[in-house]
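Okay, so here's the structure we're looking at.
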Amino acid sequence: MEERTAICARGLTKRFGDFEAVRAIDFTVAEGEAFGFLGPNGAGKTTTMRMIQCASPRSGGDLRVFGMDPATRPREIKALLGIVPQENNLDPDLTGRENLVSYARYFGISKAGAEERVEDLLGFMQVREKADVVIESLSGGMRRRLILARALVNDPRILILDEPTTGLDPQARHQIWEKLRALQAEGRTIVLTSHYMEEAERLCDRLVIMDEGRILARGAPADLVRTRIGRHVIETEPTDAVRACLGRHGIRYEEGGGSIQIPVDDPAAVSKLLLDACGAIRLSTRPATLEDVFLSFTGRRLRE
Amino acid sequence: MSRGNLSRLAWAVWRRNLEVFLKTWRVNLLTPAVEPVLYLLALGFGVGSYISEIDGVPYVCFIAPALVAISVMNASFFECTYGSYVRMYYQKTFDAIVATPVSIEEVIAGEILWGATRSLISASLMLPILVLFGVVALPSSLLLIPFAFAAGLLFASIGMCFTSIIPNIESINYPAFLFITPMFLFSGTFFPLELLPAPLQALALAALPLAHVVNVCRALTLMTGWGLLALGLAWIAVVTPPVFLVALRLMRRRLVV
């Protein structure tokens, strides 16, 4: 099947006054794939989403959504998008069902068509029994599901989700993931931002890691882990003796979070070397994860 | 702003506000109906018993149209300041709507149309009461209802201009006390404009929208003063469109960054 381009950015830039929030980034999202933007707070993920969804005009570079320019054809682009914003902005003056019905009206969907579609979506997102309750009395997970249902009201070709599961409990999070996979299986393109590595690893076919407005790495999650870190990580105690020993043997390591991490492809051999050469130290081996990749690119400095 | 940014979708925004309004219709319909009765009793019959007539008109009949005008002003101005600010800033309703094909201009136009509708509702609720008290002429006073919508568009647009520039909700007090309250008192509402010194009279007619709205309302309920009615309608027709467009422009500047 021929791969079509859903979103294409070249040199995409956003400035707020003197501050450059997004610095000439390039990316292409193919139709039907799940594409992730990973990065710490302030990386420029949300700003990028807002440019795609025609909410924020770009300052430079080029951006196309299904070949259309957000600067000149926002109405047509927005008709094809389903937006799940970071901040819950369900209408608190309305119930869940009314939220969806009034949203359908903004897309020019007829009343009869809207009511049928809303019923389907309430069922699909499993929010029907609470559909006539005011938003205020709903749980976080329920609100998130309603927002996702709202984003689907226009049968969008691209779903844009800005931190879809932040603040949810594991049950609610898994439920959202399950729905997103089902939506992708229907052929929809999914673009999401996250700082949950597990979420990105599970959902994204491809992703980019952003920091300070730039893309630092890109690829399929498994490829990124393999090429940047390796298959495994050995963790050991952060003592001077261990550091000295690792240094003597020229073994590359990272330190942080209360341990020393050594990325390796052959954990058995390196463990043996460490135990033989560095003495009786405690160590454990685990599979390398996207989090290792993320931290290796973005560092451990805290972000405001 | 390009003309392509305004379409019928503005009415979808208006419709959202109407639905929310109807959910709590009891309180929404009761308050605008109670206020004029209180004013009529206190000022019309209380204060009015010391004032026989103004320009040959009983005092209560003199203030009745002004009460309609004030209510028209308050309904739309405060809907498009407090109401719109809460929807914009606290509830993020505008953000949610502009993620759909609706443009920011349509959101603001819908809000202004809704503000004008609030004015129309207020006038419609007051009119039967004024008729009951026998202080307005019929059928000319029925024209207050469509006129309330037109005047409401003006006050809603003015309110929206303030909403687009204020840094926080408390700042609505500036226009409320420095613009609305003086207008409430000095627009020929409770005493004739002619009692003001000539320069102030000229200033009122040049700069106070309520002065014109009062003149139009008074002409309709007293069946006199047609020259002032024509002037008022012309003033409102000339001033409203630019203020409306400025509100759209300022709101885009505030919200699209």
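The analysis underlying the following values was restricted to heavy atoms, covering all of them including side chains, and did not include hydrogens, waters or symmetry mates. Residue numbering restarts at 1 for every chain, and letters A, B, ... go by the order of the sequence lines.
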**Item:** Heavy-atom pairs under 4.5 Å with chain A, option from B/Val102, B/Thr93, B/Val256 with the top count
**Value:** B/Val102

**Prompt:** How about A/Glu76: does its CD atom have over 12 heavy atoms from other parts shown lying under 6.0 Å from it?
**Reply:** yes

**Request:** Please report the shortest heavy-atom distance between A/Tyr103 and B/Ala96, naming the atom on each side.
**Result:** OH-O, 2.6 Å

**Request:** Decide if atom OH of B/Tyr82 counts as having more than 12 heavy atoms of other residues, nucleotides or ligands within a radius under 6.0 Å.
**Result:** yes

**More than 12 heavy atoms of other groups within 6.0 Å of A/Arg10 CZ** = yes

**Item:** NZ/NE/NH1/NH2 to OD/OE distance under 4.0 Å, B/Arg16 and A/Glu98
**Value:** no

**Asked** More than 12 foreign heavy atoms under 6.0 Å from CZ of A/Phe16: is that the case here?
**Response** yes

**Message:** So for atom CD, which belongs to A/Glu129, do other residues, nucleotides or ligands contribute more than 12 heavy atoms lying within a distance under 6.0 Å?
**Reply:** yes

**Message:** Quick check on A/Glu87 against chain B: is it the side chain, the backbone, both or neither that has a heavy atom closer than 4.5 Å?
**Reply:** side chain

**Asked** Considering only heavy atoms, which portion of B/Arg8 lies under 4.5 Å from any heavy atom of chain A: side chain, backbone, both, or neither?
**Response** neither

**Asked** Any donor and acceptor pair, going by atom type alone, linking the side chain of B/Lys92 with main-chain N or O of A/Asn88 inside 3.5 Å?
**Response** no

**Asked** With only heavy atoms counted, which part of A/Ser59 is less than 4.5 Å from chain B, the side chain, the backbone, both or neither?
**Response** neither

**Prompt:** In Å, rounded to the nearest 0.5 Å, how long is the span from CD of B/Glu19 to OG of A/Ser102?
**Reply:** 7.0 Å

**Complete:** Under 4.5 Å to a heavy atom of chain B? For A/Ala79 that would be both

**Item:** Sub-4.5 Å side-chain heavy-atom contact between B/Val13 and A/Tyr106
**Value:** yes

**Prompt:** Which pair of heavy atoms, one from B/Ala99 and one from A/Ile83, lies closest together, and at what distance?
**Reply:** CB-CG1, 3.8 Å

**Complete:** The residue among A/Asn89, A/Asp93, A/Leu90, A/Ile135 that forms side chain to side chain contact (heavy atoms under 4.5 Å, CB included) with B/Gln91 is A/Asp93

**Prompt:** Less than 4.5 Å apart, any side-chain heavy atom of B/Val257 and any of A/Ser56?
**Reply:** no

**Message:** Looking at every heavy atom in both B/Pro101 and A/Arg75, which two are closest together, and how far apart are they?
**Reply:** O-NH1, 3.0 Å

**Request:** Using the side-chain contact (heavy atoms from CB on, under 4.5 Å) rule, take A/Thr95 and B/Lys23 through it: C-alpha gap first, then chi angles, then the decisive distance, then the call.
**Result:** CA-CA 11 Å; A/Thr95 66; B/Lys23 288 182 108 174; 3.9 Å; yes

**Request:** Can you measure from OG1 (B/Thr100) to CZ (A/Arg105) and round to the nearest 0.5 angstrom?
**Result:** 12.0 Å

